[in-house]
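Basis for what follows: all heavy atoms, side chains included, without hydrogens, waters or symmetry-related copies.
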Amino acid sequence: MADRIAILGWGSLLWDLDDLAEHVHGDWMQRAGPRLPMEFSRISAKRKDGLVVCLDPKVGVPCATHAIVSRADRIATARADLARRERAPDHRVGWADISGRGESSMPEVIAQVAIWCEENGWAGAVWTDLEPNFELNTGQPFSVENGIAYLKTLSGENLTEALQYIRRAPPTTRTPLRRALSRDPWWRDLVEAYSERS
């Protein structure tokens, strides 16, 4: 039976393993993870109140995730390793194993990850389990229009951080917000201005 444990990623973890680096084997396997519903529907204090991508079964669309091999031989250890990198309590790291057991604030994700583990020879997987909080923070339900309107309220380093994060997210993360931004003249002007300064 496979004993490998995967760490799944789709956001800043891909370009910034931070202190998780010593707890993984090899490089990220691009597009190797399960397809999970995602959207940029979380406001992140860590990212200067910019929008970050998160699991969002309500408004998200299936996007490829990416996998890296944990050095841990127990899910609890892999979970703790990822929690330390995220500076978050263990319950903010979801997990699932090949038997279908797991913990997540989004139970439907457990089933999807467990099936992926069984089909791809993993004993289990862990992931950052942060849910959408756009409505909690703004009083408005998340939509593409509301997301863009929120981004337009940002300025200075907050807007720069939001721009950099959304641009650095993997190209496979083709959510409705990201597609709309790629066509939005305001956003395109921002990208051009930032590129000229870089």
Closest non-hydrogen atom pair between Ser104 and Trp127, with its separation = CB-CZ2, 3.9 Å
query = Between OH of Tyr150 and CG of Asn137, what distance do you get to the nearest 0.5 Å?
reply = 7.0 Å
query = Between Val61 and Leu181, is there a shared hydrophobic cluster once you connect ILVMFWY residues whose side-chain heavy atoms come closer than 4.5 Å?
reply = no
task = Start with the C-alpha distance between Val24 and Val69, add both sets of side-chain angles, then the distance that settles side-chain contact (heavy atoms from CB on, under 4.5 Å), and finish with yes or no.
result = CA-CA 6 Å; Val24 297; Val69 182; over 6 Å; no
task = Look at the rings of Trp116 and Trp122 and say which category their plane angle falls in: under 30° parallel, 30 to 60° tilted, over 60° perpendicular.
result = parallel
key: Enclosure of Arg74 CZ (heavy-atom neighbours >12, cutoff 6.0 Å)   = no
message = Main chain of Val52, side chain of Arg42: is a donor-acceptor contact present, judged purely on distance under 3.5 Å?
response = no
Over all atoms of both residues, closest heavy-atom pair of Gly100 and Ala114 = CA-CB, 3.7 Å
request  = Verify side-chain contact (heavy atoms from CB on, under 4.5 Å) between Trp15 and Arg168, making sure each step is shown before the conclusion.
outcome  = CA-CA 8 Å; Trp15 65 82; Arg168 291 188 78 178; 3.2 Å; yes
key: Residue pair Ser44 / Asp49, side-chain heavy-atom distance below 4.5 Å   = no
task = Would you check if Pro37 and Asp56 make a side-chain contact, meaning some heavy-atom pair closer than 4.5 Å?
result = no
message = Starting from Trp186, can I reach Leu51 by hopping between I/L/V/M/F/W/Y residues whose side chains sit under 4.5 Å apart?
response = yes
task = Supply the atom-to-atom distance His66 NE2 to Leu14 CG, rounded to the nearest 0.5 angstrom.
result = 5.5 Å
key: Rounded distance (nearest 0.5 Å) linking atom OG1 of Thr77 with atom CZ of Arg71   = 14.0 Å
ask   = Is there a side-chain contact between Pro176 and Val144 (heavy atoms, below 4.5 Å)?
value = yes
key: Close side-chain approach of Arg92 to Leu130, heavy-atom, < 4.5 Å   = yes
ask   = Hey, any chance Leu55 and Val59 share a hydrophobic cluster, counting ILVMFWY side chains that come within less than 4.5 Å of each other, even indirectly?
value = yes
key: Any donor-acceptor pair under 3.5 Å from Asn133 side chain to Ile43 backbone   = yes
message = Within the 4.5 Å heavy-atom criterion, are Glu118 and Ser99 side-chain neighbours or not?
response = no
message = With heavy-atom distances below 4.5 Å as the criterion, would you say the side chains of Leu82 and Leu20 are in contact?
response = yes
remark   = Heavy-atom nearest pair, Ser41 first then Cys54, reads OG-SG, 3.6 Å
message = Less than 4.0 angstrom from a charged side-chain N to a carboxylate O is my criterion; do Asp18 and Arg87 meet it?
response = yes
request  = Flag yes if more than 12 heavy atoms outside Arg31 fall under 6.0 Å of its CZ atom; otherwise flag no.
outcome  = no
task = Give the C-alpha distance, both sets of side-chain angles, the deciding distance and a yes or no for side-chain contact (heavy atoms from CB on, under 4.5 Å) between Val126 and Ile75.
result = CA-CA 7 Å; Val126 299; Ile75 286 178; 4.0 Å; yes
message = Could you check whether any side-chain N or O of Asp97 sits under 3.5 Å from a backbone N or O of Ala123, counting only pairs where one atom can act as donor and the other as acceptor?
response = no
query = Which distance, rounded to the nearest 0.5 Å, do you find between the CD of Glu119 and the CD1 of Ile98?
reply = 10.0 Å
inquiry  = Under 4.0 Å between a side-chain nitrogen and a carboxylate oxygen: does that hold for Lys58 and Glu131?
reply    = no
Any donor-acceptor pair under 3.5 Å from Asn146 side chain to Gln140 backbone = no
ask   = Backbone N or O of Gly156 within a donor-acceptor pair of the Thr160 side chain at under 3.5 Å?
value = yes
ask   = Is there a donor-acceptor contact under 3.5 Å from the side chain of Glu39 to the main chain of Leu177?
value = yes
query = Quick check: does any side chain N or O of Asp81 sit under 3.5 Å from a backbone N or O of Arg84, one acting as donor and the other as acceptor?
reply = no
inquiry  = Would the distance check show the side chain of Thr65 and the main-chain N or O of Pro34 forming a donor-acceptor pair, the cut-off being under 3.5 Å?
reply    = yes
message = Please find the pair of heavy atoms, one from Leu8 and one from Ala67, that lie closest to each other, and give the distance.
response = CD2-CB, 4.1 Å
remark   = Between the CD1 atom in Ile7 and the OG atom in Ser70, the distance rounded to the nearest 0.5 Å is 4.5 Å
key: Short N-O contact, Arg79 and Glu103, less than 4.0 angstrom   = yes
request  = Rounded to the nearest 0.5 Å, what's the gap from OG1 on Thr173 to CD1 on Ile166? Could you check?
outcome  = 11.5 Å
inquiry  = Applying side-chain contact (heavy atoms from CB on, under 4.5 Å) to Glu196 and Glu192, what does each step give before you reach the verdict?
reply    = CA-CA 6 Å; Glu196 288 175 355; Glu192 184 176 346; 3.7 Å; yes
query = When the ring centroid of Trp187 is compared with that of Tyr194, is the distance short of 6.0 Å?
reply = no
message = Are Val93 and Leu36 connected into the same hydrophobic cluster when the rule is that any two of I, L, V, M, F, W, Y join if their side-chain heavy atoms are below 4.5 Å apart?
response = no
ask   = Has Asp19 got more than 12 heavy atoms of other residues, nucleotides or ligands less than 6.0 Å from its CG?
value = yes
key: Residue pair Pro141 / Phe134, side-chain heavy-atom distance below 4.5 Å   = no
query = Hey, does Trp95 have a side-chain heavy atom less than 4.5 Å from the side chain of Asp129?
reply = no
note = Scanning both residues in full, the closest heavy-atom pair of Leu159 with Leu151 reads CD1-O, 3.7 Å
query = Is it true that the side chains of Thr128 and Arg85 contain a donor and an acceptor less than 3.5 Å apart?
reply = no
message = Grouping I, L, V, M, F, W and Y whenever their side-chain heavy atoms are under 4.5 Å apart, do Leu13 and Val113 come out in a common cluster?
response = no
remark   = Residues Arg35 and Pro62: closest non-hydrogen pair is NH2-O, 2.9 Å
